[in-house]
Amino acid sequence: MRLLEVMFDSMFVDEPISSSYRSGFVAMIGRPNVGKSTLVNYLVGEKVAITSPVAQTTRTRLRAILTTSNAQVVIVDTPGIHKPHHLLGERLVKSARSAIGEVDIVLLLLEACHPPGRGDSFIVQLLKNQTKPVLVALNKSDLVSEAEYLERENSYRNLFGDSVWPIYRCSAFNGEGCQELVRSLVSLLPLGPQLYPPEMVSDQPDKVVIGELIREQILSQTKEEVPHSVAVMIDRIEEITSGNKIKKGKSNTAILATILVERKSQKGILIGKGGAMLKKIGQASRLQIQEMINGPVYLELFVKVVPNWRSKPARLSELGYEVN
Ligand code: GDP
Ligand code: MG
């Protein structure tokens with residue numbers, strides 16, 4: 001009810017909330033694994049993007065919404081830019097590129113714990129060839145000494161050459177520098193009204209977030225054994241208000257999901273000995289989903305082998321990996 005009221009309100013204000021209110025879009029760009037999703041989660045104060053020590057975790061483009069008293073910053077978390085190896089890779093890069101075209105500011109995320117590499121040069125070139133303002137956040141500052149940090153900042157400045165982009169020291173892990181970063185982002189946004197209800201932190205439907213939470217558990221429980229050839233489709237989400245298993249008066253959410261893999265061997269790993277792995281993934285995912293929807297969840301997972309699903313355009317589209 002409250003959400004609807006707020007949406008109604010914001011649909012019909014044709015004046016900005018105050019004459020100095022700012023709103024707009026920021027594209028978070030960076031190599032895989034630099035901490036884009038972690039930073040998005042830190043900034044909005046909730047888990048809206050999945051993170052993982054395994055590179056290339058984020059597949060779909062997520063809008064995370066940060067509402068402050070004087071601004072609304074919509075952060076577009078893009079899949080990391082890297083050299084495409086197959087069709088899915090190409091789509092990821094295209095999607096990140098097209099995100100730049102749609103935003104007011106580009107936030108380039110780099111990591112202080114590594115010197116610039118070829119991936120960084122690739123992204124810097126891409127950003128030099130466009131006209132949007134660029135802010136740089138040098139993330140993972142918690143992992144390096146002061147001297148190391150300064151050395152890295154210098155090497156990155158050299159890499160930027162004649163593009164004088166401001167660099168912010170930050171840590172998505174402990175929040176260092178995040179306030180200043182947000183302040184600078186806000187100052188670069190155009191004047192404008194609130195675009196989303198203030199309590200909304202993500203534009204993704206529950207189905208997508210739930211699928212991503214399950215995928216995150218698969219990646220973290222199986223480590224490198226089941227790499228990127230895994231996708232999760234949510235087949236059904238149902239509210240159950242009566243039934244044997246349910247305590248009186250408590251609603252329960254039943255979720256049926258299918259995990260797609262490319263090879264039979266991967267299916268074996270996912271299911272595990274006597275179903276132990278799938279059970280572990282299911283339990284961990286269920287806890288995360290319960291936290292997200294604030295109530296008890298019944299989760300059933302199936303594993304299905306679809307050879308080469310990553311190279312089949314129709315399959316990719318069905319899973320929501322579209323290029324605008
Ligand atoms: P993405 O691929 O750029 O979205 O990267 P993720 O957000 O998934 O993060 C990759 C890994 O780096 C994860 O294991 C995070 O926990 C870790 N990470 C991200 N930001 C920081 C940070 O500021 N400090 C530290 N120590 N680790 C971080
Ligand atoms: Mg990510």
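Both ligands and their constituent atoms are indexed starting at 1 by order of listing.
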*Against heavy atoms of K36, which atoms of ligand 1 measure under 4.0 Å?*
1 (P), 2 (O), 3 (O), 4 (O), 5 (O), 7 (O)

*Could you tell me whether the side chain of K140 and the main chain of G35 form a donor-acceptor pair under 3.5 Å?*
no

_Counting only heavy atoms, tell me which of C178, S220, G30, A172 gets closest to atom 23 (O) of ligand 1._
A172

_Applying the side-chain contact (heavy atoms from CB on, under 4.5 Å) criterion to L138, which one of V34, L108, L110, L109 satisfies it?_
L110

*Does F160 have any ring-ring contact (aromatic ring centres under 6.0 Å, His included) partners at least two apart in sequence or in another chain, and if so, which?*
W165

_Within-cut-off N or O pair, S141 and ligand 1, under 3.5 Å_ = no

*Ligand-residue contact atoms, ligand 1 with D142, heavy atoms, under 4.0 Å*: 22 (C), 23 (O), 24 (N), 25 (C), 26 (N)

_Region of N33 that comes within reach of ligand 1 [heavy atoms, distance under 4.0 Å]_ = both

*Say whether V34, considering both its backbone and side-chain N or O atoms, lies within less than 3.5 Å of an N or O atom on ligand 1.*
yes

*Look at atom 4 (O) of ligand 1 and find which of S37, G35, C170 reaches it with the closest heavy atom.*
S37

_Using a 4.0 Å cutoff against the non-hydrogen atoms of N139, which atoms of ligand 1 qualify?_
20 (N), 21 (C), 23 (O)

*asked:* Heavy-atom count check: over 12 atoms from other residues, nucleotides or ligands less than 6.0 Å from Q179 CD?
replied: no

*Which ligand 1 atoms, with their elements, are less than 4.0 angstrom from a heavy-atom of S171?*
23 (O)

*Would you say D120 and P115 make side-chain contact, with heavy atoms under 4.5 Å?*
no

*Out of R152, K36, R31, which one pairs with E111 under the salt bridge (charged side-chain N to carboxylate O under 4.0 Å, His left out) rule?*
R31

*Using the test salt bridge (Lys or Arg N to Asp or Glu O under 4.0 Å), find all partners of R169 that sit at least two apart in sequence or belong to another chain.*
E146, E176

*For ligand 1, does L143 get within less than 4.0 Å through its side chain, its backbone, both, or neither, judged by non-hydrogen atoms?*
side chain

